[in-house]
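Just below is one structure, and these are the notes that go with it.
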Amino acid sequence: MLPLILGIETSCDETAAAVVRAGRDVLSNTVYSQIATHLAYGGVVPELASREHLRTIAPVVREAVHDAHLTYPDLDAIAVTQGPGLAGALLVGICFAKALAASLDKPLIAVNHIEGHIHAVLLELAHAGAAVDYPLLALVVSGGHTHLFLVEQHSAASTLAYDYRLLGRTLDDAAGEAFDKVAKLLGLPYPGGPAIDRLAPLGNPKAVPFALSQVKSKIYREPRPDSDQIFFSFSGIKTAVLRYVEVQGMRERIEARRRADPADCDQQPLALIAPFQSAVVNDLISKTLRAAEAHPVRGILVSGGVAANSQLRREFERRSPLPVYFPSRALSTDNAAMIAAAAYPKFLRSDFAPLDFTADANLKLGVALPKSGVSEVR
Ligand code: KG4
Ligand code: ZN
């Protein structure tokens with residue numbers, strides 16, 4: 001019988017549970033989004049997120065098991081996100097998973113959320129029976145992360161393992177955070193990424209000259225060619241948008257629009273949206289392709305909420321000489337299928353978590369290359 005893993009994800013503002021068979025077949029995937037709760041605040045309120053997770057975790061898990069046409073004893077393991085994320089939110093999922101694992105006498109598996117995003121893509125490729133050559137470059141772009149990893153797979157007869165080396169990261173805001181903050185500035189609803197994605201095609205990407213230089217770019221070179229660290233930075237362009245809004249006297253119009261119909265964009269915000277999205281997308285793609293030239297990779301994997309962006313998908317496929325793998329839009333944003341899939345190799349290795357493990361809001365993934373000055377060790 002192929003292993004059935006129940007995944008639980010509560011790291012931010014989605015309460016999610018899913019059952020995945022053998023790391024490749026999604027039998028159920030339940031996501032309860034808290035967007036409605038946080039909408040009025042223009043961003044995630046951690047205390048409210050924890051309370052919402054507490055309220056919904058039991059029915060969400062029950063629904064996932066029910067939708068998979070299973071009962072609890074059928075499960076082989078319970079996997080849960082350990083971090084990174086909001087500590088209180090993570091703890092709700094972890095406590096629930098521990099209680100479930102203890103009462104069912106099933107193994108518990110702790111999963112890194114960022115590794116989960118990478119496995120959202122690997123899961124769908126495995127399901128499609130696609131042959132994937134390693135090493136891969138993985139760009140994880142979400143509301144909390146902008147990370148670039150070198151991913152290596154080690155597979156033997158009955159085990160599977162992945163190595164992650166951190167090649168790049170953001171120095172300040174994450175890409176999704178930049179989308180969310182700029183959207184908020186322009187009076188668009190939270191989360192900002194989907195709103196900007198929807199409105200960008202209506203504008204002219206060249207209307208406002210947000211040059212790529214406003215997305216600061218730093219590459220520190222070591223004598224060894226594989227020791228480059230790539231840094232992203234999105235605070236510069238966010239400030240440039242803010243300054244444009246102030247100089248053009250757009251505040252009042254934005255406030256009026258915020259009160260009326262948030263989806264109704266007048267010409268000036270539209271003039272900003274397309275250039276902003278283009279600058280961010282170009283920066284993400286250019287730096288990833290540069291890293292792909294510096295390392296012997298066989299493909300590029302893009303995941304996380306921002307991977308749902310239409311222009312990012314289109315431009316990556318147009319510009320990359322290597323195959324580019326994206327998750328379906330449903331698995332781009334936070335979900336628990338990716339957690340259950342990332343747990344599968346750990347299940348095969350009996351890499352189980354002790355019952356006293358706890359949340360790690362700043363959990364890292366991968367070993368950083370030396371020059372970065374930060375040692376990021378899994
Ligand atoms: O992966 P995710 O659901 O949560 C985190 O782990 O952070 O990512 C959420 C982020 C938000 O910042 C949201 O604005 C962004 O992903 N996002 C998008 C799109 N859909 C979601 N950004 C750009 N274009 C999109 N279509
Ligand atoms: Zn995420």
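In each ligand, atom 1 is the first atom listed, and ligand 1 is the first ligand listed.
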What is the nearest protein non-hydrogen atom to [atom], stated with its residue, atom name and distance?
atom	result
atom 24 (N) of ligand 1	Asn309 ND2, 3.1 Å
atom 2 (P) of ligand 1	Asp334 OD1, 3.3 Å
atom 26 (N) of ligand 1	Asp197 OD2, 2.8 Å
atom 21 (C) of ligand 1	Gly305 O, 3.4 Å

Give the atom numbers and elements of ligand 1 that come within less than 4.0 Å of a heavy atom of [X].
X	value
His117	1 (O), 6 (O)
His113	6 (O)
Val306	16 (O), 18 (C), 22 (N)
Gly144	7 (O)

Do you know which of Val80, Val65, Val61 makes side chain to side chain contact (heavy atoms under 4.5 Å, CB included) with Leu100?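 The side chain to side chain contact (heavy atoms under 4.5 Å, CB included) with Leu100 is passed solely by Val61 among Val80, Val65, Val61.
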Identified side chain to side chain contact (heavy atoms under 4.5 Å, CB included) partner of Phe96 from the options Thr10, Ile78, Ile57: Ile57
Check the Zn ion (ligand 2) and write out every protein N, O or S atom at under 2.8 Å, as residue and atom.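 Listed by chain and number, the nearby protein N, O or S atoms are His113 NE2, His117 NE2, Asp334 OD1.
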Examine the side chains of [X] and [Y] and answer whether a donor and an acceptor come within less than 3.5 Å of each other.
X	Y	value
Asn309	Gln277	yes
Asp13	His53	no
Asn282	Arg319	yes

Any Lys/Arg nitrogen of [X] or [Y] sitting under 4.0 Å from an Asp/Glu carboxylate oxygen of the other?
X	Y	result
Glu177	Lys181	yes
Glu52	Arg55	yes
Arg318	Glu315	yes

Contact between ligand 1 and Arg198 is defined here as a heavy atom of the residue under 4.0 Å from a ligand atom; is it met? no
At a 4.0 Å cut-off, with the gap strictly under it, does some heavy atom of Pro194 reach an atom of ligand 1?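 Heavy atoms of Pro194 do come under 4.0 Å of ligand 1.
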Listed partners of Glu317 passing side-chain hydrogen bond (donor to acceptor under 3.5 Å, both in side chains), at least two apart: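 side-chain hydrogen bond (donor to acceptor under 3.5 Å, both in side chains) check on Glu317 returns nothing, list empty.
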Using the benzene-type ring in the case of Trp, are the ring centres of Tyr162 and His119 under 6.0 Å apart?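 Yes, ring centres under 6.0 Å apart.
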How about Phe276 and Phe179: are their ring centroids closer than 6.0 Å? yes
Picking from Asp173, Asp172, Thr170, what satisfies side chain to side chain donor-acceptor pair (under 3.5 Å) with Ser235?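 Going through the options one by one, the only one that passes is Asp172.
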Ligand 1 contact on Thr333 by region, counting heavy-atom pairs under 4.0 Å: both
What part of Asp180, side chain from CB on, backbone N/CA/C/O, both or neither, has a heavy atom under 4.0 Å from ligand 1? side chain
Taking the minimum heavy-atom distance to atom 10 (C) of ligand 1, which of Gly176, Ser332, Gly193, Gly143 ranks first?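 It is Gly143 that holds the nearest heavy atom.
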Report yes if Pro191 has an N/O atom closer than 3.5 Å to an N/O atom of ligand 1; otherwise report no. no
